[in-house]
Amino acid sequence: MSEPIRIVIVGGVAGGATAAARARRLSESASIVVLERGPYVSFANCGLPYHVGGEIADRKALLLQTPESLRARHNLDVRVRSEVTAIHRDRKSVSVRRLDDGQTYEEPYDKLILSTGAAPIRPPLPGIDHNRIFTLRTLPDMDRIKSAADKARDAIVIGGGFIGLEMAENLRRRGLAVTLVELLDQVMPPLDREMAGPVAEALRAHGVDLLLGDAVESFSDRAGRPTARLKSGRELEADVVILSIGVRPETTLAKEAGLTLGERGALVVNEHMQTSDPDIYAVGDSVLTTDFVTGAAALIPLAGPANRQGRIAAENALGRPTRYRGSQGTSIVRVFNLAVAMTGASEKSLRKAGIDFAKVYLHPTHHAGYFPGAVQMSIKLLFSGKDGRVLGAQIVGGDGVDKRIDVLSAAIQARLTVFDLEEMDLAYAPQFGSAKDPINMAGFVAANSLRGDVRIAHADALDGALLLDVRTNAEHQAGTIPGSVLIPIDELRRRAGELPKDRPIIAYCAVGIRGYTAARILQQLGFDVRNLSGGFKTYRMFHPA
């Protein structure tokens, strides 16, 4: 009778803990050891900012599993405060140092799963080691930030990505004055620039002093308070500084063991989550996967992919061939009153990959407009200009954003087209949606363009055409694209003779619906006309007032 397989997992939380639980469910006889450097093996790291802000009041709610609960439920040998210091591929073991007493030992394995994660970037700037400059990754990090925030009046957040936005919101929730500094000219770098505009507006509307296109050069101390000197020459002083400028894969162990690394030092794995050593697997924030849409190597540090990868690594380690299909980067973040979501490729990533695409914008309400509480959302849909395959989407709004981004994520996974979006049979009642759901509407708009029912213009490329505003006079007076000619839609048939037939026309309205009707009218009357996708609202996203 053969010896039971020994699986050693380095790191817990999303990927490691999932791999361990899945391995046990597949094999009751396997020996499964989880080695975690920190004091907690499984905690809700995505919830950390919300305990700082007080929205998650009970700290214990963030502790998902303990060594004791994992031992009782899954018969796992979980060892916290146990740091793996080396991988010995030749003899298939790892060196472990117990942090409580400094003792070291070797732990053998048949299969090794690395879930070492990523660490917040802490650049070597002068003064960076000030005791009031924090990063957020673990529960102890959270405890230190919360303790400092309890006594703070103001804070500086460096970086406008997911963690930076969440921390800015939660520090404002606590009543602190918050300044957010972002190197780029937009927050949320994965978003296309125009879609990030409403996020910046929400931050400013809720009292965040937002500084775009600037960066920290150095830190100093002023009476115990860290002071940041920016490249612009401006100086900022606060009680608390949060660094959230990104993460780097923690792959020192893998590098020293001679495993193949790729972009930004991340571990290269195949579709089975297998490294260059066939007995070593890797999952989570430290690995390079494949972008599902572009096919490029991708480093996407998100909890959902880490959980799925952990499951897949465990299955392959136990002889069940399973493949990871790639990452789409489906994600969502709340920024005060806004939900900001994305899936698949962005416009900038498609351009970088050299992939042909088309795009449309629309601004539907999340449920029927006649039912109280309807909230508008802004959708950007990216798709193939050849066959209509859905390539990516970004949505900014309030209620209902999560539902729509998940539908579009599933559409990308299934390689559906915009013609499929037209036909989607989605739940409808007036308090939940519309008979023509925003997903259907996105399909209609995109499919109309591909079928040639209407040609589309975009607000970032208004190329000398005559701009025709088909809204009401009151709307026109409240704000318009410079140089526009006003002919309200209900007067257009009667006044079409006022328009030139020897010059291109771009019709627009508030969000694109009346503009579409105008374009259909004029096209059938022999005019060279396009509809401005998303109307004046999208124009304002590109050209803020």
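Computed from a prediction, not measured in an experiment: that's the story for all the values here.
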- Task: Give, for atom OH of Tyr361 and atom OG1 of Thr538, the distance between the pair rounded to the nearest 0.5 Å.
- Result: 7.0 Å
- Item | Reported OG-to-CD distance for the pair Ser244 and Glu182, which is rounded to 0.5 angstrom | 8.5 Å
- Look at the rings of His206 and Phe336 and say which category their plane angle falls in: under 30° parallel, 30 to 60° tilted, over 60° perpendicular. parallel
- Message: Test your reading of the model: is there a side-chain donor-acceptor pair from Asp192 to the backbone of Met195, 3.5 Å cut-off?
- Response: no
- Query: Okay, side chain of Thr343, backbone of Ile405: is any donor-acceptor separation there less than 3.5 Å?
  - Reply: no
So do [Y] and [X] actually touch side chain to side chain, heavy atoms under 4.5 Å?
X      : Y      : answer
Val96  : Glu106 : no
Val41  : Thr66  : no
Phe383 : Arg389 : no
Met167 : Phe162 : no

- Shortest non-hydrogen pair, Val78 vs Arg71, comes out as O-NH2, 3.5 Å
- Message: Give me the atom names and distance for the closest heavy-atom approach of Ser276 to Leu259.
- Response: OG-CA, 3.5 Å
- Query: Does any donor atom in the side chain of Ser409 or Gln328 lie under 3.5 Å from an acceptor atom in the other side chain?
  - Reply: yes
- Task: Decide whether His363 and Ser378 meet the rule of one side-chain donor and one side-chain acceptor closer than 3.5 Å.
- Result: yes
- Query: Cationic tip of Arg415 within the cone over Phe292's six-membered ring, i.e. under 6.0 Å and within 45° of the normal?
  - Reply: yes
- Message: Are there over 12 heavy-atom neighbours, none belonging to Arg122, within less than 6.0 Å of that residue's CZ?
- Response: yes
